Number of protein chains: 2
Amino acid sequence: MTDGGDARPAGPGREHEGFEFGFAFLLVQLGTLVAGQFREQLEPLGIEPRHFGMLTRLAQNEGRAQQAIGELIGLNPTQMVFLVDELEDRGLVERRRNPADRRSYGLYLTDAGRDMLARVRAVAQTHQGALGSSLTGPEREQLTALLRRLAAEQGLSGQSLPGASPRRR
Amino acid sequence: MTDGGDARPAGPGREHEGFEFGFAFLLVQLGTLVAGQFREQLEPLGIEPRHFGMLTRLAQNEGRAQQAIGELIGLNPTQMVFLVDELEDRGLVERRRNPADRRSYGLYLTDAGRDMLARVRAVAQTHQGALGSSLTGPEREQLTALLRRLAAEQGLSGQSLPGASPRRR
DNA sequence: TATTGTTATACTCTATAACTATA
DNA sequence: TATAGTTATAGAGTATAACAATA
């Protein structure tokens, strides 16, 4: 099931008529696969990737208003309501009224939230380890470095989250 | 807007509290971004990535039945109906009744379909070129080779298409 | 009765707009 | 009146189930 095992009638050649699938296609293929795997790994913990993104960003910006954090991760006010609701239901995040401006909430991680974040990070590390187990240490480093350069070139910082692009059309 | 320009109050340190975003996260980030870019590049041509996937697979399997091709790319019969409808409306694909079994259709690329496929491949090449413009030739090759190994390790062949996984749960 | 392709239906996701309470 | 957050509504996309024609 690794590559060309299917007995296909009469393929033109070994490769697909001379068309090379390059790193761009591979990035999409692998990105989709890895995202799906990560989602599955998170399932036992009762959260989804977007929750992880939110917890991560929140850990760096505790106390800021709901919509302010929404802007950071590229979610509109409506989406934030649902996401924060879900995290609050799980006891991972807390809304605290801002006494100075009673319209807004400050968002805070609970202890359970901090705990969850640590566990998810561990899951992510393990997942990545399994993913790169066939690579040598230097190869992993080189891969990471190359991907970092591509990401930086494309204006992606560690801040941005996969699913939600800051500005969309 | 490239990296750390936002004047944030008081980040704990330069990096995110010691948590390293590794290549797994980068793959998801980049895969999502590149897929979106590709979608935008295809817009002027009037098609979407899934159409490209279909055309590509069809070029290697002309004449086979609709559902057989659907299985190849991981789409169920219902999805195939809509996808083939869209491609037929655009004049890129043709359904031909199978005289031997009048229940099934054989799918074929039209000349316009072949033409479109060539143009989309050109777009993909250009896109990839722009994406990797900051890398040297050897770096690009190394990146591609490493990604290929990861993909192979994960059971991804050139056959599989990003969005649709062959077996899902 | 089983299979190919199609149509219908329900469910989820996302995006937009309308609403409330504070300012 | 403007803003933070919330709720309501509509559209797109996806998945499942029922259906018609042919074998």
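Computed from a predicted model, the values in this text were never measured in an experiment. Each chain gets a letter, A, B and so on, in the order its sequence line appears, and its residues count up from 1.
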To the nearest Å, give me how far apart [atom1] ([X]) and [atom2] ([N]) are.
X: B:Asn76; N: C:dT6; atom1: CG; atom2: C1'; value: 12 Å
X: B:Glu71; N: C:dG5; atom1: CD; atom2: C1'; value: 14 Å
X: B:Met80; N: C:dT4; atom1: CE; atom2: C1'; value: 12 Å
X: A:Arg102; N: C:dT22; atom1: CZ; atom2: C1'; value: 8 Å

Step by step, would you call A:Val93 with A:Thr110 a side-chain contact (heavy atoms from CB on, under 4.5 Å)? CA-CA 5 Å; A:Val93 162; A:Thr110 64; 5.7 Å; no
Among C:dT3, C:dA8, C:dA21, find the nucleotide with the atom closest to the side chain of A:Arg103. C:dA21
side-chain hydrogen bond (donor to acceptor under 3.5 Å, both in side chains) partners for B:Gln37, two or more places apart: A:Gln154, B:His127
Looking at A:Glu62 and A:Arg114, does any basic side-chain N land under 4.0 Å from a carboxylate oxygen?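 Counted as a salt bridge, because a side-chain N and a carboxylate O are separated by less than 4.0 Å.
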What I want to find out is whether A:Arg64 reaches A:Glu71 closely enough, with some N-O distance under 4.0 Å, to be called a salt bridge. no
Tell me the bend of the helix from C:dT1-D:dA23 to C:dA23-D:dT1 as the angle between end helix axes, each from five pairs, rounded to the nearest 10 degrees. 30°
Is the number of heavy atoms from other residues, nucleotides or ligands under 6.0 Å of B:Asp111 CG greater than 12? no
First and last nucleotide of DNA chain D in contact with chain B, 5' to 3', at under 4.0 Å to a heavy atom: what are they?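 So the contact region on DNA chain D extends D:dA15 to D:dA23.
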Charged tip of B:Arg96 within 45° of B:Tyr108 ring normal and under 6.0 Å: yes
Quick one: does any side-chain atom of B:Arg149 pair with a main-chain N or O of B:Ala145 as donor and acceptor, under 3.5 Å? no
If only atom types and distance count, is the side chain of A:Glu88 paired as donor or acceptor with the main-chain N or O of A:Arg95 below 3.5 Å? yes
Strand contacts (DNA chain D) in residues 81-100 of chain B, 4.0 angstrom heavy-atom criterion: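 Contacts with DNA chain D under 4.0 Å: none.
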In chain order, what residues pass the ring pair (Phe, Tyr, Trp, His ring centres under 6.0 Å) check against B:Phe38, with sequence neighbours excluded? B:Phe52
Here's a test for you: under side chain to side chain contact (heavy atoms under 4.5 Å, CB included), which of B:Val34, B:Thr32, B:Val28 qualifies with A:Leu27? B:Val34
So what does A:Gln67 touch, heavy atoms closer than 4.0 Å: a base, only the sugar-phosphate, or nothing?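 If one applies the 4.0 Å heavy-atom cut-off, A:Gln67 turns out to touch a base.
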Under 3.5 Å, is there a donor-acceptor pair between the A:Thr136 and A:Glu139 side chains? yes
Heavy-atom protein contacts under 4.0 Å, nucleotides 9-14 of chain C, coded B base, S sugar-phosphate only, - none: ------
If you define the side chain from C-beta out and look only at heavy atoms, does anything of A:Met80 sit under 4.5 Å from A:Met54?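 Heavy-atom side-chain distance check passes, below 4.5 Å.
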Quick check: do A:Gln66 and A:Val81 have side-chain heavy atoms less than 4.5 Å from each other?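 Of all side-chain heavy-atom pairs linking A:Val81 with A:Gln66, at least one is under 4.5 Å.
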Identify, between A:Asp101 and B:Asp101, the residue whose nearest nucleotide on DNA chain C lies closer to the 5' end.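 The residue whose closest nucleotide sits nearer the 5' end is B:Asp101.
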Within the modelled atom types, does a donor on one side and an acceptor on the other bring the side chain of A:Thr78 and the base of C:dA15 under 3.5 Å apart? no
